[in-house]
Amino acid sequence: MKSKKLTALILVGMLLGILVGYLFRQHAGDDAAAIKSFVDGMSILTDIFLRLIKMIIAPLVISTLVVGIAKMGDAKSVGRIGGKTMGWFICASLASLTLGLIMVNILKPGVALNLPLPDMHADSGIKAGAISLKDFVTHAIPKSVFEAMANNEILQIVIFSVFFGSAMAALGERSKALIDVIDVIAHVMLKVTSYVMNFAPLAVFGAIAATVAKEGLSILGTYGKFMAQFYLSIGILWLLLIAVGVLIVGPRLLHLMGMIKEPLLLSFTTASSEAAYPKTLEQLERFGVSNKIASFVLPMGYSFNLDGSMMYCTFAVIFIAQAYGIDLTLAQEISMLLILMLTSKGMAGVPRASLVVIAATLAQFNIPEAGLLLLLGIDHFLDMGRSATNVVGNSVATAVVAKWEGELKRH
């Protein structure tokens with residue numbers, strides 16, 4: 001399906017989803033059973049699409065990444081590109097967390113709530129266990145590449161692919177036949193991706209209809225101010241990332257932003273960065289980023305460069321503190337930022353990762369964990385913005401690293 005046609009159909013699916021979800025909510029009223037049945041029915045469409053996406057991600061990542069690394073040549077090249085990539089990720093992470101901290105202190109979205117402190121033992125339903133260094137390391141290193149692929153553990157797949165691709169590069173001509181085979185597999189998976197994308201409009205329709213039917217549009221009015229301020233902050237982060245990208249890559253980076261509108265819409269409407277991965281990879285290569293850079297940096301970004309999710313962490317923690325009238329000193333806020341800088345790197349592969357990291361952070365600063373309940377009702381709407389921002393951040397990062405490496409072609 002042509003990109004413009006698919007984008008238009010996704011927009012239609014989103015609008016129809018809002019309309020159908022709203023009409024059903026009006027008809028069902030407070031009938032919880034009917035709402036649950038409708039939501040479950042609509043969610044099937046989204047579940048099918050996201051499962052299809054998960055089906056192709058592991059073979060797509062491993063085939064493109066292995067070929068990309070094998071074509072890089074020696075391990076020195078891999079180390080150099082990896083170093084530049086991680087350098088950008090660390091700077092982008094720090095900027096995202098800092099911007100979230102600055103914006104929430106300027107806008108003060110929680111101050112007007114003036115809520116009484118709840119029982120410190122009140123449960124938010126989110127497991128608040130901190131993500132330790134040991135947990136991160138054991139999660140990152142695969143004990144079986146097949147298990148990693150079965151569970152779509154992108155970070156584990158990346159680590160295996162780096163070893164496998166480097167070994168193929170070291171073998172030189174002896175591995176050329178295998179590289180050609182894996183390269184064919186990569187192109188086959190890209191073709192499969194084009195088939196899967198035909199289901200995207202239906203998935204978007206189901207996701208939006210289910211969300212509106214479950215939460216109702218009234219929740220947007222209740223939390224409208226907070227959501228508007230969060231999306232304003234997200235918009236500023238976009239401008240910051242794009243502006244730095246333009247300084248490094250040049251004005252043509254703006255063309256890339258236009259090219260990724262389809263994966264952006266997908267990630268926004270399904271609230272899943274993962275859903276946008278295949279199309280983002282395709283558009284980056286069309287933009288001129290070499291395959292070896294795009295297939296290396298993009299999956300790394302999905303593990304280490306979740307800019308939208310990280311900005312939300314500082315924004316949400318301070319919002320909850322403000323809501324309960326808890327004043328944090330500048331030193332506490334800076335230490336919170338540094339803690340989140342580390343714990344946020346353990347987000348990859350953790351269900352509801354942002355909420356888990358926030359819950360752990362609240363506990364460390366004696367902020368009631370029950371404050372998360374303020375956000376759970378609108379978390380899906382917030383996740384839409386976070387997911388789209390992750391796509392923008394990783395697209396800019398990939399283009400920047402390609403420029404630094406001289407691997408950005410002009411079309």
Side-chain angles (χ1 to χ4, degrees), residues 46-72 75 78-79 81-82 85-86 131-171 174-197 199 270 272-282 291-306 345-353 356 390 394:
T46 310
D47 290 344
I48 289 172
F49 176 70
L50 291 179
R51 288 178 77 88
L52 287 170
I53 287 289
K54 289 176 185 293
M55 174 187 77
I56 63 178
I57 278 187
L60 181 61
V61 169
I62 201 166
S63 59
T64 55
L65 186 50
V66 164
V67 171
I69 291 172
K71 289 181 178 177
M72 282 183 198
V78 177
I81 296 169
T85 300
M86 291 306 298
I131 300 170
S132 67
L133 178 61
K134 181 178 182 296
D135 292 335
F136 174 68
V137 171
T138 54
H139 179 77
I141 308 299
K143 57 186 177 183
S144 164
V145 66
F146 300 106
E147 181 185 55
M149 291 180 71
N151 295 327
N152 271 327
E153 297 286 0
I154 292 183
L155 184 54
Q156 295 184 10
I157 292 170
V158 166
I159 288 174
F160 171 79
S161 300
V162 168
F163 278 102
F164 195 81
S166 298
M168 287 173 64
L171 286 175
R174 293 181 65 187
S175 64
K176 189 176 184 305
L178 182 56
I179 292 173
D180 290 340
V181 170
I182 298 176
D183 192 31
V184 171
I185 292 172
H187 283 86
V188 169
M189 293 314 303
L190 288 171
K191 190 64 177 176
V192 173
T193 297
S194 68
Y195 298 151
V196 170
M197 286 302 141
F199 293 91
T270 61
S272 169
S273 306
E274 210 172 49
Y277 178 88
K279 290 300 291 184
T280 306
L281 179 65
E282 180 185 320
N291 174 265
K292 69 181 184 182
I293 298 293
S295 59
F296 180 80
V297 178
L298 194 58
M300 289 278 285
Y302 270 68
S303 298
F304 295 106
N305 194 44
L306 303 175
K345 297 309 174 195
M347 282 186 182
V350 179
R352 306 179 85 181
V356 171
N390 294 340
N394 285 322

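These figures come from a predicted structure and were not determined experimentally.
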Residue of the set L281, L298, V297 for which side chain to side chain contact (heavy atoms under 4.5 Å, CB included) holds with N394:
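Only match with N394 under side chain to side chain contact (heavy atoms under 4.5 Å, CB included): L298.
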For [X], what residues pass the side chain to side chain contact (heavy atoms under 4.5 Å, CB included) criterion, not counting sequence neighbours?
X    : result
N151 : E147, E153
V145 : I62, M149, F160
F199 : F49, L52
V181 : I185

Verify side chain to side chain contact (heavy atoms under 4.5 Å, CB included) between I56 and Y195, making sure each step is shown before the conclusion.
CA-CA 11 Å; I56 63 178; Y195 298 151; over 6 Å; no
Could you note down all residue pairs passing side-chain hydrogen bond (donor to acceptor under 3.5 Å, both in side chains) where residues 50-60 supplies at least one of them, sequence neighbours left out?
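Sorted result for residues 50-60: K54-E274.
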So, taking the atom named [atom1] in [X] and the one named [atom2] in [Y], what distance separates them when rounded to the nearest 0.5 Å?
X    : Y    : atom1 : atom2 : answer
T64  : L190 : OG1   : CG    : 7.5 Å
I57  : I53  : CD1   : CD1   : 6.0 Å
T193 : M55  : OG1   : CE    : 8.5 Å
Q156 : K143 : CD    : NZ    : 9.0 Å
I159 : M300 : CD1   : CE    : 8.5 Å

Which heavy-atom pair separates [X] from [Y] by the least distance, and what is that distance?
X    : Y    : result
S161 : L65  : CB-CD2, 3.5 Å
S63  : A186 : OG-CA, 3.4 Å
N390 : S273 : ND2-OG, 3.2 Å
I69  : G165 : CG2-C, 3.6 Å
P299 : A294 : CD-O, 3.8 Å
T270 : A275 : OG1-CB, 3.7 Å

Results of salt bridge (charged side-chain N to carboxylate O under 4.0 Å, His left out) for D180 - residues two or more places apart only
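If we apply the salt bridge (charged side-chain N to carboxylate O under 4.0 Å, His left out) test to D180, skipping adjacent residues, the hits are K176.
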Quick one, S272 with L50, criterion side chain to side chain contact (heavy atoms under 4.5 Å, CB included). Give me CA distance, side-chain angles, the key distance, then yes/no.
CA-CA 9 Å; S272 169; L50 291 179; 4.0 Å; yes
Does Y277 have any ring pair (Phe, Tyr, Trp, His ring centres under 6.0 Å) partners at least two apart in sequence or in another chain, and if so, which?
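Ring pair (Phe, Tyr, Trp, His ring centres under 6.0 Å) check on Y277 returns Y302.
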Can you list the residues that meet the side chain to side chain donor-acceptor pair (under 3.5 Å) rule with N291, with sequence neighbours excluded?
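Residues passing side chain to side chain donor-acceptor pair (under 3.5 Å) with N291: E285.
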Can you list everything that forms a side chain to side chain donor-acceptor pair (under 3.5 Å) with T46? Sequence neighbours excluded, please.
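For T46, no residue satisfies side chain to side chain donor-acceptor pair (under 3.5 Å) once neighbours in sequence are set aside.
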Donor-acceptor pair, distance only, cut-off 3.5 Å: does the side chain of S194 make one with the backbone of K191?
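Yes, S194 side chain to K191 backbone: donor-acceptor pair under 3.5 Å.
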Under a 4.5 Å cut-off applied to non-hydrogen side-chain atoms, are P278 and L60 in contact?
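Side chain of P278 against side chain of L60, heavy atoms only: contact under 4.5 Å found.
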